[in-house]
Amino acid sequence: MPPRKYLPLTPDEVIQILKGLGFVHKRTTGDHAQWEGMVKEIRRVSTVQLIRGTYSTERMKRLIENLGLTPEEFYGIDKKISKRYFGH
């Protein structure tokens, strides 16, 4: 079991996961980038705020819930992040 349910990630790491899910970049306005894709046969749009540093656990929770995924499904998409989340 991971030490935290929601592992804080950088915007670049979130984008890597979105790409792994098959999402495509739609547009960037200011410091917000919109990504669009299908999750479990439902069209989803995810907005990634392009900030320095990492997102809070609360922001990660909202992002993952908006995608309709469990934390395990989300963090399991990218091998490197998966190792950090699952600890192996």
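Just the heavy atoms: all of them, side chains too, but no hydrogens, waters or symmetry mates, feed the values below. Numbering of residues begins at 1 and proceeds along the displayed sequence. Here the structure is a predicted model, which means the values were calculated and not measured.
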What one should report as the nearest heavy-atom pair of T28 and A33 is OG1-CB, 3.6 Å

Which donor-acceptor pairs under 3.5 Å do the side chains of residues 43-52 make with protein atoms, sequence neighbours left out?
residue : atom : partner : partner atom : Å
R43     : NE   : E36     : OE2          : 3.0
R44     : NH1  : N66     : O            : 3.1
Q49     : OE1  : R59     : NH1          : 2.5
Q49     : OE1  : R59     : NH2          : 3.1

Residue pairs meeting salt bridge (Lys or Arg N to Asp or Glu O under 4.0 Å), one or both in residues 13-31, sequence neighbours left out, come to E13-R84

side-chain contact (heavy atoms from CB on, under 4.5 Å) between L9 and I81: does it pass, once the steps are laid out? CA-CA 9 Å; L9 299 178; I81 294 168; 4.0 Å; yes

Taken in chain and number order and not counting sequence neighbours, the residues that satisfy salt bridge (Lys or Arg N to Asp or Glu O under 4.0 Å) with E65 are none

Note: P11 and G53 closest approach over all heavy atoms is CD-O, 3.5 Å

Test ring-ring contact (aromatic ring centres under 6.0 Å, His included), reference Y75, set Y6, F86, Y85, output is Y85

*Could you go step by step and tell me if V14 and M60 meet the side-chain contact (heavy atoms from CB on, under 4.5 Å) rule?*
CA-CA 9 Å; V14 170; M60 290 304 305; 4.2 Å; yes

Can you check side-chain contact (heavy atoms from CB on, under 4.5 Å) on W35 and L21, steps first, answer last? CA-CA 11 Å; W35 290 79; L21 286 166; over 6 Å; no

Tightest non-hydrogen contact, residues D78 and I17, listed as CB-CG1, 4.1 Å

Atom NZ of K40 with >12 non-hydrogen neighbours under 6.0 angstrom:
yes

Rounded to the nearest 0.5 angstrom, the CD-CG distance for Q16 and D12 is 8.0 Å

Take L67 and L18, measure what side-chain contact (heavy atoms from CB on, under 4.5 Å) needs, and give me the verdict at the end.
CA-CA 10 Å; L67 290 172; L18 291 175; 4.0 Å; yes

key: Single-linkage hydrophobic cluster, 4.5 Å side-chain cutoff, F74 and M38 together   = no

